[in-house]
Amino acid sequence: MNDITIEDLLEIVRSYNPEAVDDVFRAYCCAEKLHQGVKRQSGEPYIIHPLNVCFILAELHMDSDTLCAGLLHDVVEDTFFTKEDVERAFNKDVSELVDGVTKLRRMNFSTKQEQNLANMRKIITSIIKDIRIIIIKLADRLHNMRTLQFKIPEKQRENALETLEVFVPLAYFIGAYRIKSELEDLSLMYLKPEEYQEIKMEKQIVEEDSHKCLQDMYYSIKGMLNSQNIYNEISIRTKNICGIYKAESRGKKLFDINDLLALKIMVSNEVQCYHVLGMIHHKYHPINDRFKDYICNPKTNMYQALHTTVFGEDERIVQAQIRTFDMDRVASFGITAYWDIYKDKARDKMQEELRKKYQFFSSLKELDDIFEDNLDFVTQIKMELFSDRVYIYTPKGDIIELPKGATPIDVAYRIHTELGNSMTGVLVNNEVVPVGYVLKNKDRIKIICGDGYVDRKNWDSVAYTAHAKRKIKEYKSRC
Ligand code: MN
């Protein structure tokens with residue numbers, strides 16, 4: 001795994017961004033000189049680490065500044081080189097990125113001291129300023145997790161736990177599913193080694209066992225698409241180990257996990273996605289309530305696809321995920337895919353658009369505006385962002401994602417401030433419930449508005465999200 005060389009790195013950079021090659025090579029030479037003589041715990045020269053981090057970033061097709069910062073990300077913390085030196089040798093963007101990553105590294109997510117809280121806040125808000133800091137940090141963490149075997153067991157568990165609690169959700173928020181699932185599996189391997197090995201073996205058996213069924217479906221679907229001249233790519237995937245572990249600990253049997261086996265079908269445009277869906281349902285019997293249209297209703301991390309579960313060959317349950325090639329890039333690489341898609345846009349403008357697109361960033365910004373106290377801020381972030389979610393339906397069928405514990409009041413204020421302010425009651429699944437009802441997955445919510453008097457005295461304690469609480473306060477102060 002650590003056989004990546006500077007030539008490999010330059011080759012991949014050349015393949016998508018030839019103008020960046022010179023700067024990347026210069027950053028490599030600079031980092032190599034600065035880390036000279038230092039070894040990692042594995043016994044390899046230190047430069048292997050930033051080189052691999054940068055390689056991961058290049059696989060994500062990141063821009064030149066991000067790549068340089070990836071190579072230099074540890075120099076300010078570990079060598080005499082300062083932020084100003086980086087700026088002089090490269091540019092302000094590279095130095096700001098390195099500085100952001102350095103600050104992130106100094107903070108320990110698992111302790112709760114006040115100084116740490118203040119730090120945490122600074123870092124979280126720096127992420128809002130430049131999204132690329134998280135991406136470098138995720139690449140850094142991914143390589144550290146890949147080489148965790150050289151650390152002592154206590155450190156392994158500590159890092160694995162932190163990865164699961166902080167970095168896996170971050171990868172999810174920006175929609176980088178490939179990084180998310182690799183981080184999850186590596187963490188589980190250190191936290192629950194026995195369970196990990198057991199599931200790994202089960203998974204292998206399932207893969208061998210279902211190989212023929214999936215191959216048959218692959219060729220059959222491919223044949224149908226080719227005969228209609230629909231350009232396509234199809235791949236086979238099984239759920240990651242941690243995903244299986246989580247489903248099993250919710251009481252599911254391995255073969256009841258409906259997305260254990262999946263076929264990923266990629267075509268050129270949206271219309272073709274629905275066309276393919278029809279063809280698949282025509283050929284394989286769908287399980288009715290297992291259909292999801294994330295094209296019309298993208299997830300809050302911008303994931304888009306059609307999901308359907310069908311009875312495949314040999315009566316096996318197989319999920320089909322249908323999406324366009326662009327959607328697939330976003331699903332694999334998350335927010336970073338837009339660096340390719342929006343190539344020609346000015347960087348600040350692009351980041352601003354992305355911040356609006358991804359709910360995570362707007363929530364962060366809002367929480368930052370609302371809470372002055374660091375502890376409140378960090379606590380609320382954990383409550384609202386790093387916690388379990390529920391998904392509910394509006395009467396029109398739109399899906400809204402909320403933290404677990406949210407109530408209809410939160411829904412109303414999420415949809416529109418006026419809706420919250422004029423709400424007098426609520427129907428959940430066609431039945432009247434109190435406004436403080438705690439929402440469950442798949443609830444259908446209809447907010448009732450009327451002229452009748454409602455006692456809103458304790459609404460701000462019944463609401464769960466900071467957003468709703470703030471709107472309620474604003475409303476009360478006007479009354
Ligand atoms: Mn590092």
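Please read these numbers as outputs of a predicted model, since none were measured by experiment. We use all heavy atoms of the structure for the numbers below, so side chains are in, but hydrogens, waters and symmetry mates are not. As the structure lists them, so they are numbered: ligands from 1, and atoms in each ligand from 1.
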Trainee: Excluding sequence neighbours, so at least two apart, what forms ring pair (Phe, Tyr, Trp, His ring centres under 6.0 Å) with Phe25?
Mentor: none
Trainee: Sequence neighbours excluded, which residues qualify as ring pair (Phe, Tyr, Trp, His ring centres under 6.0 Å) partners of Phe90?
Mentor: none
Trainee: Hey, which protein N/O/S atoms does the Mn ion (ligand 1) have under 2.8 Å?
Mentor: His49 NE2, His73 NE2, Asp74 OD2, Asp140 OD1
Trainee: Validate the cation-pi geometry between Lys299 and Tyr303: distance from NZ or CZ to the six-membered ring centre under 6.0 Å, angle to the ring axis within 45°.
Mentor: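 Output yes; distance and angle both within limits.
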Trainee: Just grab all the salt bridge (charged side-chain N to carboxylate O under 4.0 Å, His left out) pairs involving residues 6-25, residues at least two apart or on different chains.
Mentor: Asp23-Arg26
Trainee: Between His61 and Tyr16, what is the ring plane arrangement, given parallel below 30°, perpendicular above 60°, and tilted in between?
Mentor: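 Judged by the thresholds at 30° and 60°, the geometry between His61 and Tyr16 is parallel.
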Trainee: Return the orientation label for the His35 and Tyr46 ring planes: parallel under 30°, perpendicular over 60°, tilted otherwise.
Mentor: tilted
